[in-house]
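All remarks here apply to the structure that follows.
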Amino acid sequence: MHTPPLSRREPCHRRFAKDGEAIDLTPQGRLTLGSAHQEMQAALAGQGIAHVFEDYVGECLERGDLVEVLRDWGPELPCWFLYYPNRRHTGAAMRAFLDHLRAYDWGRKAAGRSLAGP
């Protein structure tokens, strides 16, 4: 039996910030979803706002299937850390992954976006 992550089963609190001001939002809808894909499909069907990574819905944004909302209010996200064994012989897949993470321009894109269908 598959159960969705806890953050998807219970109301998910969101914190947004702009120019030093922060607001907390708790969605009041009745739709409970278990994945970013389901959120995207619901937004495409006009059922609400999805809070997903921009890279995940980039094509939908480019086509105009989804529109970004609250653009000026970026979510406050925690910093991410990656812990891995620092051994002499790192596997090729792990080395490629680490090289990608180190080379990626993390400041170029915001980590999360709130989106709605047109």
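Every heavy atom of this structure was used, including side-chain atoms; hydrogens, water molecules and symmetry mates were not.
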Query - Residues V52, H37; criterion side-chain contact (heavy atoms from CB on, under 4.5 Å); working and verdict - result: CA-CA 9 Å; V52 296; H37 178 74; over 6 Å; no
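- We find the SG-CD distance between C60 and Q41 to be 7.5 Å, quoted to the nearest 0.5 Å.
- To the nearest 0.5 Å, atoms CD (E68) and CD1 (I49) are separated by 11.5 Å.
- With hydrogens and angles disregarded, no donor-acceptor distance shorter than 3.5 Å links the side chain of Q47 to the backbone of A43.
- Judged as a side chain to side chain contact (heavy atoms under 4.5 Å, CB included), and not counting sequence neighbours, the contacts of D99 are R95, R102.
- If you take CG on L61 and CG on D55, they are separated by 10.0 Å, rounding to the nearest 0.5 Å.
- A donor-acceptor pair under 3.5 Å is formed between the side chain of Q38 and the backbone N or O of S35.
- With values rounded to the nearest 0.5 angstrom, D72 atom CG is found 8.5 Å from D19 atom CG.
- Inter-residue side-chain proximity for E59 and D65 is flagged as unmet; no heavy-atom pair is nearer than 4.5 Å.
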